[in-house]
Trainee: 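Below you'll find the structure I mean.
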Amino acid sequence: LLAQGDEDVMVLGVGSTRQVESDTARHLYVACAVGCDQGNSTSCQCLVNLCVLSLYPQPQSGACSLARKLRDEGKPVPELGFSKSAEELITDSALAWRYTFSRDGRAQFPRLDQGRDSYSVFWLATYGTEGQWRGWELLDRQLELCERTGAASASAADQSRAWKDFGSSIVISCEVPYRQLLECGRDPVFYELFIENPDATLLPVPLRLANIVTFGRRPNNNAGGVVDDDVFVRRFVLCDSVGGR
């Protein structure tokens, strides 16, 4: 975490690690752990959120370890990750949409689905810090940090949804004033991302968080192009300024 310029902009890198004591985690851990052990689903969601704030450490300790233990005991703890390997997840064919490409390179649905554009439909399951359910949200621009914080972006606003078009991707870069980042994380929202199938069922989207640390290394940085050791998770938080208090 580096200060830049007038110290009003922070550069967030995945190459450095800083360990902090969290009064928030200390305050919530016992209450959420006890409640979850007693079968309270909101408390179990809270315990998973504490695991997310610690970035799913390996070897597991604290909230992550206890969450998995209580899940194995049949408590209402949601899945933290996936039982499939990284390779199995990457090649999983559970998503039933089928696309073709036109001569101009644009993605198209097959003839059966003509009349629909090539945008994928995503949903967000949202939770508060203490595990309270906040509801479903159709994904629009909730995850665009540059726009949410009012930061100057190098990408045009009308391109910000292009990544949902099959076969496309986009890189959005900006400088985020740290005061805005702290404000964004004052009441953090925890998300799980789902993609909608043709039959309206929802499939969880595996997430590759670049700054996850497992056994002293960052497997998701994919140094040398190695991806078979990647760690995929379900829940994440966009910005947080309470976990380090």
Side-chain angles (χ1 to χ4, degrees), residues 1 8-14 16-33 35-36 40-57 60-67 76-81 122-151 153 160 172 174-194 204-213 220 231-245:
L1 192 61
D8 192 39
V9 173
M10 294 193 298
V11 178
L12 304 179
V14 297
S16 59
T17 302
R18 180 182 178 187
Q19 186 172 359
V20 297
E21 295 290 331
S22 172
D23 288 337
T24 301
R26 186 182 297 111
H27 169 73
L28 291 177
Y29 180 76
V30 174
C32 294
C36 184
N40 183 283
S41 59
T42 300
S43 296
C44 291
Q45 297 288 354
C46 171
L47 196 61
V48 169
N49 289 345
L50 294 178
C51 176
V52 174
L53 290 177
S54 66
L55 290 175
Y56 300 92
Q60 291 179 358
S61 60
C64 296
S65 177
L66 182 58
V77 180
E79 286 275 13
L80 296 175
F122 292 91
W123 291 86
L124 290 167
T126 62
Y127 301 86
T129 303
E130 297 185 30
Q132 62 272 36
W133 170 246
R134 291 192 172 184
W136 289 99
E137 296 180 7
L138 183 65
L139 178 61
D140 186 24
R141 299 188 176 185
Q142 297 96 319
L143 305 183
E144 295 175 14
L145 185 60
C146 295
E147 183 172 314
R148 284 187 57 173
T149 57
S153 173
S160 62
I172 300 177
C174 63
E175 292 184 342
V176 179
Y178 74 82
R179 291 181 180 85
Q180 293 298 107
L181 191 63
L182 294 176
E183 184 62 31
C184 170
R186 189 179 302 277
D187 181 23
V189 178
F190 292 78
Y191 298 104
E192 291 187 17
L193 182 64
F194 294 81
V205 176
L207 301 174
R208 181 194 285 123
L209 304 183
N211 50 353
I212 281 182
V213 177
N220 292 351
V231 177
F232 290 92
V233 296
R234 294 174 182 254
R235 189 169 300 190
F236 66 100
V237 62
L238 186 63
C239 43
D240 158 51
S241 59
V242 301
R245 289 181 183 175

Trainee: In Å, rounded to the nearest 0.5 Å, how long is the span from CG of Leu50 to OG1 of Thr24?
Mentor: 9.0 Å

Trainee: About how many Å separate CZ of Arg235 and OG1 of Thr126, when rounded to the nearest 0.5 Å?
Mentor: 10.0 Å

Trainee: Is the shortest heavy-atom distance from the side chain of Glu79 to the side chain of Pro204 under 4.5 Å?
Mentor: no

Trainee: How far apart are the C-alpha atoms of Phe194 and Leu124, what are their side-chain angles, what is the distance that settles it, and do they pass the side-chain contact (heavy atoms from CB on, under 4.5 Å) test?
Mentor: CA-CA 6 Å; Phe194 294 81; Leu124 290 167; over 6 Å; no

Trainee: How long is the gap from CZ on Arg234 to CG on Leu193, to the nearest 0.5 Å?
Mentor: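 Atom-to-atom, Arg234:CZ and Leu193:CG are 12.0 Å apart.
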
Trainee: Looking at Cys36 and Cys46, is the distance between their SG atoms under 2.5 Å?
Mentor: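 No disulfide here.
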
Trainee: State, to 0.1 Å, how close Val77 and Cys44 come at their nearest heavy-atom pair, and which atoms those are.
Mentor: CG2-SG, 3.8 Å

Trainee: Closest approach of Val242 and Pro188, non-hydrogen atoms and distance?
Mentor: CG2-CG, 3.7 Å

Trainee: So, do Leu28 and Asn49 sit near enough that their side-chain heavy atoms are less than 4.5 Å apart?
Mentor: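 Contact flag for Leu28/Asn49 side chains = no.
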
Trainee: Please lay out, stage by stage, how Thr42 and Glu130 fare under the test side-chain contact (heavy atoms from CB on, under 4.5 Å).
Mentor: CA-CA 7 Å; Thr42 300; Glu130 297 185 30; 5.9 Å; no

Trainee: Rounded to the nearest 0.5 Å, how far does CZ of Phe232 lie from CG of Leu207?
Mentor: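 Spacing of CG (Leu207) from CZ (Phe232) equals 9.0 Å.
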
Trainee: Would you sort out whether Arg148 and Leu238 count as a side-chain contact (heavy atoms from CB on, under 4.5 Å), showing the intermediate values?
Mentor: CA-CA 10 Å; Arg148 284 187 57 173; Leu238 186 63; 3.4 Å; yes

Trainee: So Val237 and Tyr191, do their side chains get closer than 4.5 Å, heavy atoms only?
Mentor: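 They are not in side-chain contact.
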
Trainee: How many angstroms lie between atom CD of Glu192 and atom CH2 of Trp136, to the nearest 0.5 angstrom?
Mentor: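 Result: 8.0 Å between the selected atoms.
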
Trainee: I need the Thr149 OG1 to Glu144 CD distance, nearest 0.5 Å.
Mentor: 11.0 Å

Trainee: Take Tyr56 and Val231 through the side-chain contact (heavy atoms from CB on, under 4.5 Å) test and state the conclusion after the steps.
Mentor: CA-CA 10 Å; Tyr56 300 92; Val231 177; 6.0 Å; no

Trainee: Can you check whether Leu55 reaches Asn211 side chain to side chain, under 4.5 Å on heavy atoms?
Mentor: yes

Trainee: Mind checking whether Tyr127 and Arg134 have side chains closer than 4.5 Å, heavy atoms only?
Mentor: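 Tyr127 does not reach Arg134 side chain to side chain.
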
Trainee: Taking all heavy atoms of Cys32 and all of Ser43, pick out the closest pair and write down the distance.
Mentor: O-CB, 3.4 Å

Trainee: With distance as the sole test, does Glu147 use its side chain to make a donor-acceptor pair with the main-chain N or O of Leu143 at under 3.5 Å?
Mentor: no

Trainee: If you measure from the SG of Cys51 to the SG of Cys64, is it under 2.5 Å?
Mentor: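 With an SG-SG separation under 2.5 Å, Cys51 and Cys64 do form a disulfide.
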
Trainee: Which pair of heavy atoms, one from Ser41 and one from Pro76, lies closest together, and at what distance?
Mentor: CA-CG, 3.9 Å

